[in-house]
Amino acid sequence: GESVGLHLPTLSVQEGDNSIINCAYSNSASDYFIWYKQESGKGPQFIIDIRSNMDKRQGQRVTVLLNKTVKHLSLQIAATQPGDSAVYFCAENISVSPKVTFGIGTKLQVIP
Amino acid sequence: GAVVSQHPSRVICKSGTSVKIECRSLDFQATTMFWYRQFPKQSLMLMATSNEGSKATYEQGVEKDKFLINHASLTLSTLTVTSAHPEDSSFYICSAPTQPNTEAFFGQGTRLTVV
C-alpha cells in the first residue's frame, strides 16, 4: 500500500551530531530505493539510492542501509549541519514499473 | 544532475477556471514523466504517469477528466486542472527519470491556489 495522507514525524538533532532517519517500505517486490530531501516550497532533491542486491551504500556524509528482511530503509547523515534541515522522503520502485512510491517523510530539524 | 523545469511556480486562479502547468526536461529526453500532488506537511501522492505519445496512466481515485495530462513531446508534459475549485489548491510537482528505474529529477513545484 501507499503511505500517504499522514502528518510528518519530526526528528530534532544537535548540530554536529549524526542523524538517522528511518523508513518502512511496504512492497516486498520493490528492488530500488531512493532518498530525497525536500526543502520548504521546493521539489525533492535526490540524495542517494540503493538497489536490492546491496545492503549498504555510502555517499558524501550520507549512508543508506537496506534491510530487506524487515522491509526497512535508513538514511544516516554524519555531522549534521543546519543546511540539512528539511523533509526527507524514502521512495521505492519495482524495476518492471516506472512508478516511484513515496513514504511518509520525516522532518529533520537541526538545532544550532 | 539532470534538470527538470516546472512552470509556473505559483498561480492563483478563480474557481471554475482552468490552469495549465508545464513540466520540461531541459537536458534530456523523457518518455515518462510523473505528476504528484502534495498537501502541507504530507507526502507526495502520485497522480498519474505521463507517457510520451500515448495516454497517461492515472492512479486510483484521480479523475482523468479533471486533471488532463498531455505529453506531446519528449521534453514536455502538461497538467491542466480543469474547472478548478478551492479543494484543488495544492502543491503540484512533476518528475522525470533520465533512464527507466533510475532516480527521478523533480521540478520546482507549482503552488496552486484557487480562490
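Residue numbering restarts at 1 for every chain, and letters A, B, ... go by the order of the sequence lines.
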For this session: Under 4.5 Å heavy-atom distance to chain A, tell me which part of B/Glu103 shows up: side chain, backbone, both or neither.
Result: both
Exercise. Heavy-atom distance under 4.5 Å to chain A: side chain of B/Thr102, backbone, both or neither?
Worked result: both
Exercise. Is there a donor-acceptor contact under 3.5 Å from the side chain of B/Thr110 to the main chain of B/Pro8?
Worked result: yes
Problem set entry | Toward chain B, the part of A/Ser97 with a non-hydrogen atom under 4.5 Å | backbone
For this session: Tell me, please, which residues at least two apart from B/Thr78 pass side chain to side chain donor-acceptor pair (under 3.5 Å).
Result: none
Exercise. Given that the side chain runs from C-beta out, which part of B/Phe34 has a heavy atom under 4.5 Å from chain A: side chain, backbone, both or neither?
Worked result: side chain
Problem set entry | Contacting region of A/Gln38 [heavy-atom separation from chain B under 4.5 Å] | side chain
Exercise. Aromatic rings A/Tyr36 and B/Phe106: how do their planes relate, parallel, tilted or perpendicular, breaks at 30° and 60°?
Worked result: perpendicular
Problem set entry | Intermediate values then yes/no, side chain to side chain contact (heavy atoms under 4.5 Å, CB included), B/Val4 and B/Phe28 | CA-CA 9 Å; B/Val4 174; B/Phe28 66 100; 3.9 Å; yes
Problem set entry | Portion of B/Gln38 that has a non-hydrogen atom of chain A nearer than 4.5 angstrom | side chain
Exercise. Would you say A/Arg61's side chain and A/Ala78's backbone share a donor-acceptor pair under 3.5 angstrom?
Worked result: yes
